[in-house]
Amino acid sequence: MLTLAIIREKKEEVIQRLKVKNFNAEEIVTRILELDKTRRLMQQKQDSRQNELNTISKSIGLLLRKGQKDEAEASRRKTTEIKEEIKKISDQLDTFESDLNALLIQLPNLPHHSVPAGRGAGDNITVREGGTKPTLAENAMPHWDLARKYDVIDFELGNKITGAGFPLYKGKGAKLQRALINFFLDENQKAGYTEYMPPLMVNQDSGYGTGQLPDKDGQMYYVGTDNYYLIPTAEVPVTNIYRDVILNAADFPIKNTAYTPCFRREAGSYGKDVRGLNRLHQFDKVEIVQIQHPGKSYDALEEMVNHVESLVRKLELPYRIIKLCGGDMSFTSALTYDFEVYAAAQKRWLEVSSVSNFESFQANRLKLRYKEEGNKKPALAHTLNGSSLALPRIVAALLENNQTAEGIKLPVVLHSYAGFDLIS
RNA sequence: GGAGAGAUGGCCGAGUGGUCUAAGGCGCACGCCUGGAGAGCGUGUAGUCGCCAAAAGUGGCUCGCGGGUUCGAAUCCCGCUCUCUCCGCCA
């Protein structure tokens, strides 16, 4: 969430910049500032009364030691009123604080200055494209038909075992998953990322830390017996490593990567969006996370984009990099680049990665800070993450784009990882 | 799942109702000493919300978390979480 400090100091700028995200913050910001002002006044009152009480208590101790019982008794009588007042103020303060917090949580992150205004996907900007779209034969099939033809993914069986959106990979289909995961992790490691294998369920604090809770709890699978959530992305556990942590400036950059299955309820999705591998309830993804010094986070973002681009190029897929407009960006992001690959049989662009800088928005919730040499107070760090990459849509594009009369030809880079070069 | 023990600062560890403003040690930083290093000596060593233009200073809060008792709680009471030991179960 945004810091109170920035709202206090740059009220108008906050309101203006949130308009880029089509968010009218005027009313909330005004109420926040009012509440904040009252809260501070009340705290002053409480602090001074508490100070009085502490002083009296101490003097009672001294009087009793000296044996002056009557004086001690007189002091004790004075405290009743003060205590009542403190109790009253502190109850009010609690209410104000939770009201204030409830409002703060509603404000989305400020978009970076370079983010274009816009309503939705139509206003996004294509930064660059790469690769070449293949020319497919007349009878080219979408990946769900190819998956059946070569018996590599069984959607019906997944349906039987669990339900829709839980495919079952088989034979070379399963091996291809493993190959892609290893390929991505190896590439990430070469780029300086440390590999993690985190828990797949997280507690409420972690869900709150990265922003999935309280608003998007309907998007996560919830294990009520133990009050845990299945992770929708490795971002949640891997970023929460640093919850309530104060780093040294010398610790930057922190670069972590993790492969995990991801679980998403995807309530409300339907139609061609969910056909085949296009949108699943369980899928595999390799994630990269960086914790950065605020002054370096945008360099890190570019570095991450370039890295993800190198992966897509090695897979020989036609792709485009898109800078999201304000209206299409997530609540928590300050700047996001999406990667899309072209699935030639569906003739659709499929999102395979989303690389974002959250600046201090997540860090504020996480209480993730760092200390600068010579600086007394800790400051919020910046967090970034991106997919590198999400598997199902990559597989969809690989199947569709590389279909030939002989079978599906894998890109060279995967041959050694998969142990085969053709699915037939 | 059953029984028991425990949670104190960066770390170890003392503290069972009132100079706890948390002893002592280790670590770290700085200074003195030294040709240099070490040893030794000295000083400092958290977070957070306020007040103050800011620094300095200063008030409140924080001894796992949340309540309670009391003029006063690290210390007493209740609830929760987590850790450890033993038993049971188990890939």
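Proteins get letters first, then strands, A, B, ... in listed order; numbering begins at 1 in each. Excluded from the calculations below are hydrogen atoms, water molecules and symmetry mates; all remaining heavy atoms, backbone and side chain alike, are included.
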[N] and [M]: how far apart are their [atom1] atoms, nearest whole angstrom?
| N | M | atom1 | value |
| --- | --- | --- | --- |
| B:A46 | B:C11 | P | 14 Å |
| B:C33 | B:G42 | P | 16 Å |
| B:A7 | B:G44 | P | 30 Å |
| B:G17 | B:A29 | C1' | 38 Å |
| B:A74 | B:A5 | P | 24 Å |
| B:G15 | B:C71 | P | 29 Å |
| B:G6 | B:U16 | P | 14 Å |
| B:G40 | B:G25 | P | 12 Å |

Under 4.0 angstrom between [X] side-chain N/O and [N] OP1 or OP2:
| X | N | result |
| --- | --- | --- |
| A:Gln46 | B:G50 | no |
| A:Lys371 | B:G47 | yes |
| A:Asn54 | B:C61 | yes |
| A:Arg77 | B:C71 | no |
| A:Arg39 | B:G50 | yes |
| A:Lys83 | B:G72 | yes |

Which one is paired to [N], where only Watson-Crick or G-U wobble pairs with both distances under 3.5 angstrom count?
| N | result |
| --- | --- |
| B:G44 | B:C28 |
| B:A23 | none |
| B:C33 | none |
| B:U69 | none |
| B:U58 | B:G50 |
| B:G1 | B:C87 |
| B:U81 | B:A7 |

Atom-pair distance ([atom1] on [X]; [atom2] on [N]), nearest Å:
| X | N | atom1 | atom2 | value |
| --- | --- | --- | --- | --- |
| A:Asp244 | B:U62 | CG | P | 18 Å |
| A:Gln204 | B:C80 | CD | C1' | 14 Å |
| A:Glu52 | B:G60 | CD | P | 11 Å |
| A:Asp226 | B:C82 | CG | C1' | 15 Å |
| A:Met42 | B:C61 | CE | P | 16 Å |
| A:Leu53 | B:A73 | CG | C1' | 13 Å |
| A:Asp47 | B:G60 | CG | C1' | 4 Å |
| A:Asp91 | B:G67 | CG | P | 10 Å |

Under 4.0 angstrom, heavy atoms only, what part of the nucleic acid is [X] near: base, sugar-phosphate, or nothing?
| X | value |
| --- | --- |
| A:Arg369 | sugar-phosphate |
| A:Ile56 | nothing |
| A:Ser57 | base |
| A:Leu62 | nothing |

5'-most by nearest nucleotide on RNA chain B - A:Arg8 or A:Thr79: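 The residue mapped nearer the 5' terminus is A:Arg8.
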
Residue mapping more 5' on RNA chain B - nearest nucleotide basis, A:Arg76 or A:Gln44: A:Gln44

Given B:C51, B:G47, B:C49, the nucleotide with the shortest approach to the side chain of A:Lys377: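 Looking only at heavy atoms from C-beta outward on A:Lys377, the closest nucleotide is B:C49.
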
Selection from B:G50, B:C49, B:G47 that lies nearest to any side-chain heavy atom of A:Pro378: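 Given the options B:G50, B:C49, B:G47, the side chain of A:Pro378 is closest to B:G47.
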
Side chain A:Asn51 and base B:G59 donor-acceptor under 3.5 Å: no

Side-chain H-bond candidate by donor/acceptor type, A:Thr210 with A:Gln362, under 3.5 Å: no

Using modelled atom types only, decide if a donor and an acceptor are shared between the side chain of [X] and the backbone of [Y] within a distance under 3.5 Å.
| X | Y | answer |
| --- | --- | --- |
| A:Lys21 | A:Asn109 | yes |
| A:His293 | A:Ala249 | no |
| A:Thr257 | A:Ile288 | no |

Relative to the ring of [Y], is the ring of [X] parallel (under 30°), tilted (30 to 60°) or perpendicular (over 60°)?
| X | Y | answer |
| --- | --- | --- |
| A:His112 | A:Tyr298 | tilted |
| A:Tyr319 | A:Phe339 | parallel |
| A:Phe183 | A:Tyr417 | perpendicular |

A:Gln46 side, atom CD; A:Leu93 side, atom CG - distance, nearest 0.5 Å: 5.0 Å

